[in-house]
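These numbers were taken from a predicted model, which means no experiment stands behind them.
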Amino acid sequence: MELLNDMALFVEVVKARSFRRAAEAIGMPNSTLSRRISSLEKAIGLRLLHRTTRKIELTEAGQLYFDRCNRIVDEARLAHEQLGELLAQPSGVLHASLPVDLANIFLAPLIAEFANLYPGISFEFDLTPRRVDLVTEPFDVAIRMGEPPSSNLIARRLASLPRYLYASPQYIERFGEPSQPADLVRHECLRLRTTEANTWTLNDATKTVDVAVGGRFLLNSVGMIRRLATLDLGIAVLAETIIGDDVANGLLRRVLPQWQATPIPVYAITETRLLPAKTQRFIEFLRERLEH
């Protein structure tokens, strides 16, 4: 336990770049703090800091040790915070990376509901299709669609969104309606730039088929595919939750209604399992809402 405490003191000294400032911040005599860090260096067997009268600098070993200790100390602090926050209203700034189309079309009303439930939380959102680096970038959580790549990050599955085939009534009137998956080869298919761009996997109650598809439009935006479908430009595979209003308003309708595409999973990605209350509540809230 004393080693963990000394690690925390070392982190404070490095962040303050001064024994005196660190001692003042934690309410410990400067001489005691210096002695504790010296004892830590002796226990490790390596010098961690270069000391001068004006400042301190990390040695190569000290930089490596700080990188590890900083994360350990942060996780220990969060573990203690979580216990207190079980009874407290979560607060602070929630930094989240969200997929553009899912956020604009579907998550926005859920975020509004969450914000009303937790007035102590402020929000900084980055809407981007790219996979942000949760280790080096200042995000508490990233919400992503699709299976996450293998990594050391923590992925929590929030939901699995059903996907079906949709087209506008005008498109169907012009080009006819497919009666079986094989008919899609003769249609304009609005394709997302993924591994399934040229092959759609469809299934009904009894079987699964892979269908080769093509068309003039290949995009990296679900929102744009949805918009082009409403403009009579082709058949699209879309999550039911994203196009509910378009169906209700008669802009789109299902084709091949007995068939559906592979559901798309939604994940919350974090760097660690130890999360502050603001992040934990946000993830739990989205899971609860997306599952229904």
Residue pair [X] / [Y], side-chain heavy-atom distance below 4.5 Å:
X	Y	result
Phe10	Leu49	yes
Met145	Leu158	no
Phe123	Val93	no
Asn5	Arg36	yes
Ile37	Leu9	yes
Thr199	Val211	no
Leu98	Ile111	yes
Leu290	Leu110	yes

- Can you tell me how far CG of Leu64 sits from CG of Leu58, rounded to the nearest 0.5 angstrom?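 Leu58 CG to Leu64 CG: 10.5 Å, rounded to 0.5 Å.
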- Query: Going from CZ on Arg254 to CD1 on Ile243, what distance comes out if it is rounded to the nearest 0.5 angstrom?
  - Reply: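 That separation rounds to 9.0 Å.
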Decide if atom [atom1] of [X] counts as having more than 12 heavy atoms of other residues, nucleotides or ligands within a radius under 6.0 Å.
X	atom1	answer
Asn152	CG	no
Gln258	CD	yes
Arg21	CZ	yes

Is the backbone of [Y] close enough, under 3.5 Å, to the side chain of [X] for a donor and an acceptor to pair up by distance?
X	Y	answer
Asn30	Ala23	no
Asn249	Asp245	yes
Asp183	Gln180	yes
Thr32	Met28	no
Arg163	Leu238	no
Asp101	Val222	yes
Thr230	Arg227	yes
Ser168	Leu252	no
Arg157	Pro265	no
Thr279	Leu275	no

- Query: When you look at Ile154 and Thr272, which way does the side chain to side chain contact (heavy atoms under 4.5 Å, CB included) test go after all the steps?
  - Reply: CA-CA 6 Å; Ile154 308 303; Thr272 175; 5.5 Å; no
- Who are the salt bridge (charged side-chain N to carboxylate O under 4.0 Å, His left out) partners of Asp232, not counting sequence neighbours?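 Result, salt bridge (charged side-chain N to carboxylate O under 4.0 Å, His left out) vs Asp232: none returned.
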- Begin with the C-alpha distance, continue with both residues' side-chain angles, and end with the deciding distance and a verdict on side chain to side chain contact (heavy atoms under 4.5 Å, CB included) for Leu219 and Arg191. CA-CA 6 Å; Leu219 305 93; Arg191 297 165 296 138; over 6 Å; no
- Query: Between His187 and Tyr171, is the gap from one ring center to the other below 6.0 Å?
  - Reply: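 Aromatic pair counts; centres sit under 6.0 Å.
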- Item | Non-neighbouring partners of Tyr267 that pass ring pair (Phe, Tyr, Trp, His ring centres under 6.0 Å), sequence neighbours left out |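 Tyr267 satisfies ring pair (Phe, Tyr, Trp, His ring centres under 6.0 Å) with no other residue.
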Presence of salt bridge, [Y] and [X], under 4.0 angstrom:
X	Y	value
Glu41	Arg51	yes
Arg71	Glu75	no
Glu177	Arg253	yes

- Would you please say whether a donor-acceptor pair under 3.5 Å links the side chains of Arg226 and Ser221?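 Not at all, the side chains of Arg226 and Ser221 share no donor-acceptor pair under 3.5 Å.
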- Query: Between the side chains of Thr201 and Asp210, is a donor N or O closer than 3.5 angstrom to an acceptor N or O?
  - Reply: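 Result is yes, a qualifying pair exists.
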- Candidate pair Gln170 and Arg174, rule side chain to side chain contact (heavy atoms under 4.5 Å, CB included), full reasoning: CA-CA 6 Å; Gln170 289 78 10; Arg174 272 185 76 187; 6.0 Å; no
- Task: Under the salt bridge (Lys or Arg N to Asp or Glu O under 4.0 Å) rule, what do Glu57 and Arg17 come out as? Steps first, then yes or no, please.
- Result: CA-CA 7 Å; Glu57 293 182 352; Arg17 292 291 178 181; over 6 Å; no
